[in-house]
K.L.:
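Handing you a structure now.
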Amino acid sequence: MAKTLKRAAAFTALARALSSGSRGGPTLGQRLGALPRMMRASARKEYDGGMRLALMAAATAYVVSPIDAVPEAFLWVFGLVDDAVAVTWLAGSILSETERFLEWERTRPTLGVK
């Protein structure tokens, strides 16, 4: 039972950190809202996140791909390790890239506005 309480406390702390923004950074809602804007700005070549977004899309496709089920079927736990690594990298990449994008949005000069 103590492990369950510790686990619950850890997940609660994680949820609070994500929803309120750690170290005064953007909240999870702000980060999720920035994703479509980041994709648009990258597609327009205004923001230099194109290659990172492509890698994130590839990691997402890998994790949800039915082809990726083959290693899990034969290697069981070891087949899940590659998914765990991909998901961990993807989560970290999304967090860092959205923070970088929001900072870019905040500091870029507004063009054509008088």
Side-chain angles (χ1 to χ4, degrees):
M1 180 157 163
K3 285 185 181 182
T4 304
L5 290 176
K6 287 180 184 177
R7 219 177 273 144
F11 282 122
T12 302
L14 176 63
R16 282 187 189 143
L18 287 174
S19 64
S20 66
S22 62
R23 300 177 314 239
T27 65
L28 182 60
Q30 291 169 328
R31 291 172 190 272
L32 292 175
L35 283 172
R37 295 192 315 270
M38 183 171 59
M39 287 186 242
R40 256 190 320 275
S42 294
R44 293 178 182 157
K45 306 277 192 247
E46 296 170 358
Y47 179 67
D48 67 346
M51 182 55 77
R52 287 180 292 278
L53 284 173
L55 289 171
M56 287 186 248
T60 302
Y62 176 75
V63 170
V64 299
S65 168
I67 294 171
D68 185 46
V70 173
E72 280 85 12
F74 294 109
L75 301 174
W76 197 55
V77 173
F78 298 110
L80 295 174
V81 170
D82 65 329
D83 287 342
V85 169
V87 168
T88 302
W89 176 85
L90 182 61
S93 295
I94 290 171
L95 290 174
S96 66
E97 193 60 29
T98 53
E99 187 164 355
R100 183 175 169 265
F101 175 76
L102 288 168
E103 180 64 23
W104 173 81
E105 258 186 343
R106 191 179 65 74
T107 60
R108 76 178 179 150
T110 54
L111 301 174
V113 178
K114 293 183 181 182

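The shown structure was predicted, so the numbers you read here are calculated from the model rather than taken from an experiment. Quick note: residue numbers are just sequence positions, from 1.
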K.L.:
Ignoring hydrogens, what is the shortest heavy-atom contact between Leu90 and Met56? Give both atom names and the distance.
P.N.:
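That closest heavy-atom pairing would be CD1-O, 3.5 Å.
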K.L.:
If every non-hydrogen atom of Pro36 is compared with every non-hydrogen atom of Leu32, which pair is closest and at what distance?
P.N.:
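Nearest pair, atom of Pro36 first, then Leu32: CD-O, 3.4 Å.
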K.L.:
Any Lys/Arg nitrogen of Arg100 or Glu97 sitting under 4.0 Å from an Asp/Glu carboxylate oxygen of the other?
P.N.:
yes
K.L.:
Is there a path of hydrophobic side-chain contacts, each under 4.5 Å between heavy atoms of I, L, V, M, F, W or Y residues, that connects Leu35 with Leu28?
P.N.:
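In one cluster: yes.
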K.L.:
What pairs with Trp104 under ring-ring contact (aromatic ring centres under 6.0 Å, His included), at least two apart in sequence or on another chain?
P.N.:
Tyr47, Phe101
K.L.:
Closest approach of Gly50 and Ser42, non-hydrogen atoms and distance?
P.N.:
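Smallest interatomic distance, heavy atoms only, reads N-OG, 3.9 Å.
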K.L.:
Checking Ala57 now: which residues fulfil side chain to side chain contact (heavy atoms under 4.5 Å, CB included) with it, not counting sequence neighbours?
P.N.:
none
K.L.:
Quick one: do Ile94 and Arg31 satisfy side-chain contact (heavy atoms from CB on, under 4.5 Å)? Show the steps, please.
P.N.:
CA-CA 8 Å; Ile94 290 171; Arg31 291 172 190 272; 5.9 Å; no
K.L.:
Report the C-alpha distance between Glu99 and Glu103 in whole Å, list the side-chain angles of each, state the deciding distance to 0.1 Å, and finish with yes or no for side-chain contact (heavy atoms from CB on, under 4.5 Å).
P.N.:
CA-CA 6 Å; Glu99 187 164 355; Glu103 180 64 23; 5.8 Å; no
K.L.:
Glu46: which residues meet the side-chain hydrogen bond (donor to acceptor under 3.5 Å, both in side chains) condition with it, sequence neighbours left out?
P.N.:
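Glu46 satisfies side-chain hydrogen bond (donor to acceptor under 3.5 Å, both in side chains) with no other residue.
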K.L.:
Step by step, would you call Arg37 with Leu102 a side-chain contact (heavy atoms from CB on, under 4.5 Å)?
P.N.:
CA-CA 10 Å; Arg37 295 192 315 270; Leu102 288 168; 3.4 Å; yes
